[in-house]
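Just so we're clear, the structure is a prediction, and the values are computed from it rather than from any experiment.
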Amino acid sequence: MNTRRKQILKELGLTPMWHLKSAALMPNKILESQSIEINNLAASPDPAKDLQRPQEIQQMNWEQLKLSVSHCTACPLSQARTQTVFGVGDENADWLFVGEGPGAREDATGEPFVGQAGKLLDQMLAAIGLKRDHQVYIANIVKCRPPNNRNPSLAEARRCEPYLTRQIELIKPKLIIALGKVAAQNLLGCEDSISSLRGKVHDYSGIPLIVTYHPAYLLRALPEKAKAWKDLCFARSTMQSIQ
């Protein structure tokens, strides 16, 4: 047994049990089970700080969830963040808008969609009679800013997924709007292009989901605003049919 394994067993109070029986007297299945468990522990940089299980997150209320997110170190994104960006808006909203991840301004303020992209999103909401603090909740696929505003990796998104899933369970929105390809692909579990996903009502765990462009993309591609307006009108009519 190497030093790392001995240290882990000692910290867990298992060292005496290890010496009670010799390997020759222990059943093969027990030996195999202990070997796998010890190897898994040794591979972890800090077994005492393992991630909370998704089933534990699923039991959290809003305050517990916010606290858990603020202390999360599940992926490398946590190492460079200024603060987490949990989400903002009406916690009983009918409308849920989901983007990909925080940018520099969001990382600084702790609020999603601020700056020019945030202003455009507010304008988009106003165009269909909505505002972010009433019947609207805004969140992201990941709660920490990816370096240089790159897209979050699949692994990073998966680490953060239980938090967003729980937010959706608590909000119980009537309609989800995926803002951009990254949000759409992660929510729908697909690799389809945004052009092929737009103009349709998709399903997310029984909740209708509509895909449109991310406001930051629209700032770079002004001609696409007409398509985004069409998506918003489609979303508004879909909501009216739900209500």
Side-chain angles (χ1 to χ4, degrees), residues 51 54 57-58 69 72 74-78 81 84-89 93 95-104 106-107 112-113 117-118 120-121 124-125 136-221 223-235 238-239:
L51 298 176
I57 294 174
Q58 289 171 4
V69 167
C72 181
C75 77
L77 292 183
S78 64
R81 74 183 180 219
T84 56
V85 180
F86 182 78
V88 68
W95 297 75
L96 172 62
F97 289 76
V98 181
E100 58 193 51
E106 288 80 6
D107 179 63
F113 285 91
L120 179 54
L121 178 59
M124 293 166 67
L125 295 176
V136 170
Y137 195 91
I138 304 170
N140 281 308
I141 293 297
V142 295
K143 311 299 186 189
C144 299
R145 179 196 178 197
N148 302 315
N149 292 344
R150 64 164 171 77
N151 292 337
S153 69
L154 180 61
E156 292 160 353
R158 289 294 170 266
R159 289 292 193 180
C160 228
E161 185 176 17
Y163 292 125
L164 179 59
T165 298
R166 183 55 180 160
Q167 283 179 297
I168 295 173
E169 291 171 347
L170 289 169
I171 297 167
K172 298 181 177 64
K174 293 181 179 178
L175 181 64
I176 298 174
I177 308 297
L179 298 169
K181 181 178 70 174
V182 174
Q185 290 180 343
N186 277 280
L187 288 167
L188 296 174
C190 70
E191 296 183 358
D192 297 352
S193 67
I194 192 167
S195 60
S196 67
L197 294 172
R198 290 179 53 253
K200 304 172 185 176
V201 178
H202 304 273
D203 178 85
Y204 175 89
S205 299
I207 303 171
L209 184 150
I210 289 174
V211 177
T212 190
Y213 295 107
H214 193 285
Y217 169 75
L218 294 174
L219 291 173
R220 302 190 303 269
E224 304 288 22
K225 283 188 175 182
K227 294 180 181 178
W229 170 242
K230 184 177 180 180
D231 295 335
L232 291 174
C233 292
F234 178 52
T238 301
M239 177 63 84

Between [Y] and [X], is there a side-chain heavy-atom distance shorter than 4.5 Å?
{"X": "Ile207", "Y": "Ile168", "value": "yes"}
{"X": "Lys225", "Y": "Leu120", "value": "yes"}
{"X": "Pro152", "Y": "Val182", "value": "yes"}
{"X": "Leu96", "Y": "Gln167", "value": "no"}
{"X": "Leu188", "Y": "Leu209", "value": "yes"}
{"X": "Lys174", "Y": "Trp95", "value": "no"}
{"X": "Ile210", "Y": "His202", "value": "no"}
{"X": "Thr84", "Y": "Ser78", "value": "no"}

*Could you walk me through whether Tyr213 and Leu179 pass side chain to side chain contact (heavy atoms under 4.5 Å, CB included), step by step?*
CA-CA 5 Å; Tyr213 295 107; Leu179 298 169; over 6 Å; no
Let me confirm one number: the [atom1]-[atom2] distance from [X] to [Y], rounded to the nearest 0.5 Å.
{"X": "Ile177", "Y": "Met124", "atom1": "CD1", "atom2": "CE", "answer": "9.0 Å"}
{"X": "Tyr217", "Y": "Thr212", "atom1": "OH", "atom2": "OG1", "answer": "10.5 Å"}
{"X": "Cys160", "Y": "Leu77", "atom1": "SG", "atom2": "CG", "answer": "8.0 Å"}
{"X": "Asn151", "Y": "Ser153", "atom1": "CG", "atom2": "OG", "answer": "10.0 Å"}
{"X": "Cys190", "Y": "Lys181", "atom1": "SG", "atom2": "NZ", "answer": "10.5 Å"}
{"X": "Phe86", "Y": "Cys72", "atom1": "CZ", "atom2": "SG", "answer": "12.0 Å"}

_Are Phe113 and His214, when compared by the centres of their aromatic rings, separated by less than 6.0 Å?_
yes
Return the minimal non-hydrogen interatomic distance between [X] and [Y], and the atom names on each side.
{"X": "Cys144", "Y": "Pro102", "value": "O-CD, 3.4 Å"}
{"X": "Val201", "Y": "Pro208", "value": "CG1-CB, 3.8 Å"}
{"X": "Ala117", "Y": "Pro215", "value": "O-CB, 3.5 Å"}
{"X": "Asp192", "Y": "Ser196", "value": "CB-OG, 3.5 Å"}

_For Glu156, is there an ion pair with Arg159 - N to carboxylate O distance below 4.0 angstrom?_
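Salt bridge between Arg159 and Glu156, a charged N being under 4.0 Å from a carboxylate O: no.
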*Looking at Asp231 and Arg198, does any basic side-chain N land under 4.0 Å from a carboxylate oxygen?*
yes
Would you check if the side chain of [X] reaches a backbone N or O of [Y] as a donor-acceptor pair within less than 3.5 Å?
{"X": "Glu106", "Y": "Gly103", "result": "yes"}
{"X": "Lys172", "Y": "Glu169", "result": "yes"}
{"X": "Thr238", "Y": "Phe234", "result": "yes"}

*Leu164 and side-chain contact (heavy atoms from CB on, under 4.5 Å): which partner among Val142, Leu187, Val69?*
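When Val142, Leu187, Val69 are each tested with Leu164, the side-chain contact (heavy atoms from CB on, under 4.5 Å) holds only for Leu187.
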_Evaluation steps, side chain to side chain contact (heavy atoms under 4.5 Å, CB included), between Ile141 and Val98_ = CA-CA 7 Å; Ile141 293 297; Val98 181; 3.9 Å; yes
_Test of understanding: with side chain to side chain contact (heavy atoms under 4.5 Å, CB included), list the residues that count as partners of Asn149, not counting sequence neighbours._
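Asn149 satisfies side chain to side chain contact (heavy atoms under 4.5 Å, CB included) with Arg145 only.
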*Counting only heavy atoms not in Asn148, do more than 12 fall under 6.0 Å of its CG?*
no
*Looking at Tyr163, is Lys143 sitting on its ring face, NZ or CZ under 6.0 Å from the six-membered ring centre and within 45 degrees of the normal?*
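The answer is no, since Lys143 fails at least one limit relative to Tyr163.
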